[in-house]
Protein chains: 2
Amino acid sequence: MIDEELKLDNQLCFRLYTASRLLTQAYHPLLSDHGLTYPQYLVLLVLWEKDAQPVNDIAKRLYLETNTVTPLLQRMEKEGIIIRNKGEKDARQMIISLTRKGKELRKKLADVPSIVGNAVICESVTKETAPELFRMLDDIILKLSNP
Amino acid sequence: MIDEELKLDNQLCFRLYTASRLLTQAYHPLLSDHGLTYPQYLVLLVLWEKDAQPVNDIAKRLYLETNTVTPLLQRMEKEGIIIRNKGEKDARQMIISLTRKGKELRKKLADVPSIVGNAVICESVTKETAPELFRMLDDIILKLSNP
DNA sequence: CATATTTATATCGTTCACGATGCAAATATA
DNA sequence: TATATTTGCATCGTGAACGATATAAATATG
């Protein structure tokens with residue numbers, strides 16, 4: 001074994017894990033005022049793109065399992081942000097749709113991306129270099145999410 | 001608001017969040033055989049670098065709060081991987097030390113970094129480009145963890 | 001058409017994360 | 001030296017994540 005590899009500073013996963021947590025924390029004050037968590041915000045992003053999707057499509061889009069998404073959606077339904085309806089064609093499906101409240105949140109949260117975006121701009125991450133970072137992360141996700 | 005910004009594909013946090021989860025999942029089969037979770041493995045990395053550290057130092061190194069680390073360490077103590085002793089100079093401190101079992105895990109898990117490292121090598125993330133990715137993530141962490 | 005398999009979702013148990021709060025020891029201040 | 005403040009850790013409650021398992025509906029197979 002190469003001892004250097006064991007150092008925390010050399011670990012990619014730890015950086016991803018930390019950056020992810022810290023950036024999620026940056027969303028917190030912007031979302032909590034509206035009773036939202038970050039994963040719930042992700043669900044809204046999916047539904048704002050296309051309303052009325054089955055649980056499975058939402059889960060796949062977020063690279064999550066349904067056993068994570070189901071309780072999350074149940075909480076969102078309780079908050080009146082979405083509604084869950086049995087699928088008509090396929091009775092196994094649960095179709096998730098935005099309520100009026102869920103749709104209105106789109107306007108209320110419209111400035112979140114730019115606020116958070118500005119919060120991460122720094123020496124090595126700029127408008128110019130971000131695409132390269134995105135490409136690397138996408139490649140990692142592709143590599144790890146594949147069969 | 002710029003509508004494009006609202007698309008999931010344009011969100012940095014979502015990529016970090018997904019990449020972090022998927023890469024952590026890649027660690028799972030390597031760690032679970034030894035009864036470890038990924039955050040517990042991170043604690044071991046910290047202690048392998050320097051044994052006998054107070055809770056606070058471990059938490060700071062991992063950018064976590066003590067209310068996350070304390071229960072985690074209690075579970076690790078129950079598993080016999082570490083021991084928790086009251087600090088001698090400062091009675092408030094809890095000094096965390098490796099047990100024999102905790103030290104032995106270092107050898108048993110020695111090949112984990114290279115296995116996981118190989119799992120993420122892809123088109124845009126190579127030995128050559130990784131330092132650039134590391135630098136970007138470090139900058140983001142620095143920017144977000146600062147006062 | 002009856003049975004087997006697959007699929008879509010839900011439930012359960014455990015372990016994080018983390019905001020809020022509590023408590024005792026150490027340190028600062030009056 | 002009393003009292004106030006800070007510091008280090010622990011406890012509690014809630015919401016993810018996720019492996020394992022369950023259940024009903026749809027589909028495939030005999």
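Naming convention: chains lettered A, B, ... in sequence-line order (proteins, then strands); numbering from 1 in each chain.
- For the pair B:K7 and B:E4, the salt-bridge criterion is met [side-chain N within less than 4.0 Å of a carboxylate O].
- Proximity of B:Q74 to the phosphate of D:dC9: no side-chain N or O atom is located under 4.0 Å from OP1 or OP2.
- Regarding B:M76, its CE atom lies at a distance of 19 Å from the P atom of C:dT14, rounded to whole Å.
- As a whole-Å value, the separation of B:N56 CG from D:dG8 P is 5 Å.
- No engagement by B:K86 is indicated, since no non-hydrogen atom pair under 4.0 Å with the nucleic acid exists.
- In this structure, A:Q40 places its CD atom 15 Å from P of D:dT14, rounding to the nearest Å.
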message: Determine whether B:R135 and B:E132 satisfy the following criterion, salt bridge (charged side-chain N to carboxylate O under 4.0 Å, His left out), listing intermediate values before the conclusion.
response: CA-CA 5 Å; B:R135 203 157 66 86; B:E132 179 59 17; 3.4 Å; yes
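- Ion pair A:E49/A:R61 flagged as a salt bridge, since at least one NZ, NE, NH1 or NH2 atom sits closer than 4.0 Å to an Asp/Glu carboxylate oxygen.
- Checked against D:dA10, C:dA17, C:dA10, the side chain of A:R21 finds its nearest nucleotide in C:dA17.
- Distance alone, capped at 3.5 Å, is enough to place a donor-acceptor pair between the B:R21 side chain and the A:Y63 backbone.
- For A:D90, taking side-chain heavy atoms from C-beta onward, the closest of the listed nucleotides D:dA16, C:dA8, D:dT6 is C:dA8.
- Closest-nucleotide positions on DNA chain D for A:R92 and A:Y63 were compared, and the one nearer the 5' end corresponds to A:Y63.
- The phosphate of D:dA10 (OP1 or OP2) has a side-chain N or O of B:T70 nearer than 4.0 angstrom.
- Look at A:Q25 and you won't find any side-chain N or O under 4.0 angstrom from OP1 or OP2 of C:dA17.
- Of the possible polar contacts, none joining the A:R84 side chain to the A:I95 backbone as a donor-acceptor pair under 3.5 Å is found.
- With D:dG19, D:dA16, C:dC18 as the candidates, the nucleotide lying closest to the side chain of A:P39 is D:dA16.
- Remark on DNA chain C: of its neighbouring residues A:R84 and B:N67, the 5'-side contact belongs to A:R84, judged by nearest-heavy-atom nucleotide.
- In this structure, A:T37 reaches the sugar-phosphate backbone alone: every heavy-atom distance under 4.0 Å involves primed, P, OP1 or OP2 atoms, never a base.
- Between the A:T129 side chain and the A:T126 main chain, a donor and an acceptor come within less than 3.5 Å of each other.
- When the P atom of C:dT9 is taken as reference, atom CD1 of A:I82 falls 12 Å away, rounded to whole Å.
- Picking from D:dA17, C:dT9, D:dA10 the nucleotide with the shortest atom distance to the side chain of A:M94 gives C:dT9.
- Dashed line: the shortest gap from a side-chain N or O of B:R75 to OP1 or OP2 of C:dC16 is under 4.0 Å.
- Atom CG in A:L72 sits about 17 Å away from atom P in C:dA17, given to the nearest Å.
- Remark: A:Y17 is in phosphate contact with C:dA17, judged by side-chain N or O atoms under 4.0 Å from OP1 or OP2.
- Rounded to whole Å, the distance from CG on B:L64 to P on D:dC9 is 14 Å.
- Residue B:Q93 is in sugar-phosphate contact alone, with no base atom involved, counting any heavy-atom pair closer than 4.0 Å across all strands shown.
- Across the interface with DNA chain C, nearest-nucleotide mapping of A:T24 and A:K60 shows A:K60 to be the residue nearer the 5′ end.
- Atom CD of B:E65 is separated from atom C1' of D:dG13 by 17 Å (rounded to the nearest Å).
- Here the P atom of nucleotide D:dC9 and the CG atom of B:L62 are 14 Å apart, to the nearest Å.
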